[in-house]
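For reference, the structure is listed below as C-alpha cells.
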Amino acid sequence: MASTGRAGEQGLRLNDWFCGAGGATQGAPAVPGIRPILAANHDQLAIDTHSTNFAEVEHFRGDIKDLDVAKHPYAEIFWSSPECTNWSPAKGRPADYARQDDLFGESTDCSPSTARGTPSCTP
C-alpha cells in the first residue's frame with residue numbers, strides 16, 4: 001500500500017531518532033494505533049540491537065544531519081530521545097540531575113523540593 005501522507009486506517013506512524021536499543025520503539029505501540037516505522041542512530045551496535053529487536057522497522061545508521069527524510073517513509077510522529085551519554089549512567093557514573101547548568105552556564109537547583117517540571121529540570 002502506497003503512503004498517502006495521512007494516517008487513515010494505518011494509525012499513526014512514528015520515526016524514532018537516537019533510537020538506542022529501542023526503549024521508545026517498544027513503548028510507543030502501548031498507545032493504540034502507534035506504529036514505529038523508522039529508527040535512526042549513529043552507533044552501529046545500537047542499530048544492530050534495534051534491528052534484532054524490531055526487524056519490521058526501517059533502520060538508518062549515520063549522522064542524523066545526513067538523514068534525508070524524503071527518502072524514508074512518512075510519519076506523523078517524530079520521537080527524539082535524549083542523548084544517553086549525558087542523561088543516563090552510560091559514562092560509567094550516575095547522572096546528577098539535581099544540579100544542571102542552564103543555557104547560560106548557570107547552575108539550576110533541580111532537587112525534588114524545588115523542581116517544578118521545567119525543561120531545565122526534566123531529565
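Positions are given from 1 along the sequence.
- T52 is not listed as a side-chain neighbour of T49, based on a closest heavy-atom distance of 4.5 Å or more.
- In this structure, L12 is a member of the same hydrophobic cluster as L14, with clusters built from ILVMFWY side-chain heavy atoms closer than 4.5 Å.
- With contacts defined as side-chain heavy-atom distances shorter than 4.5 Å, the pair P36/P29 qualifies.
- A single hydrophobic cluster is seen to contain both L38 and V69, as judged by linkage of ILVMFWY side chains at heavy-atom distances under 4.5 Å, directly or through other members.
- Taking OG of S80 as the reference point, atom CG of D16 lies at 8.5 Å (rounded to 0.5 Å).
- In terms of heavy-atom proximity, G22 sits nearest to H50 at CA-CD2, 3.4 Å.
- Of all non-hydrogen atoms in R13 and A75, the two that sit nearest each other are O-CB, 3.4 Å.
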CA sep, side-chain torsions, deciding dist, call: Y74, H72, side chain to side chain contact (heavy atoms under 4.5 Å, CB included): CA-CA 6 Å; Y74 174 84; H72 297 279; over 6 Å; no
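- When side chains are defined from C-beta on, N15 counts as touching I37, because their heavy atoms get closer than 4.5 Å.
- If you chain together ILVMFWY residues whose side-chain heavy atoms come under 4.5 Å of each other, F54 ends up grouped with V57.
- Applying the side-chain hydrogen bond (donor to acceptor under 3.5 Å, both in side chains) definition to pairs two or more places apart or across chains, those involving residues 38-48 are Q44-D48, Q44-R61.
- With rounding to the nearest 0.5 angstrom, the CZ atom of F18 is 13.5 Å from the CH2 atom of W79.
- Between A28 and I34, the closest heavy-atom pair is O-CB, 3.4 Å.
- Of the inter-residue distances, the one linking K71 atom NZ with E58 atom CD reads 12.0 Å to the nearest 0.5 angstrom.
- Closest of all the heavy-atom pairs between I47 and A39 is CD1-O, 4.3 Å.
- Annotation: the span from L67 atom CG to F60 atom CZ amounts to 4.5 Å, rounded to 0.5 Å.
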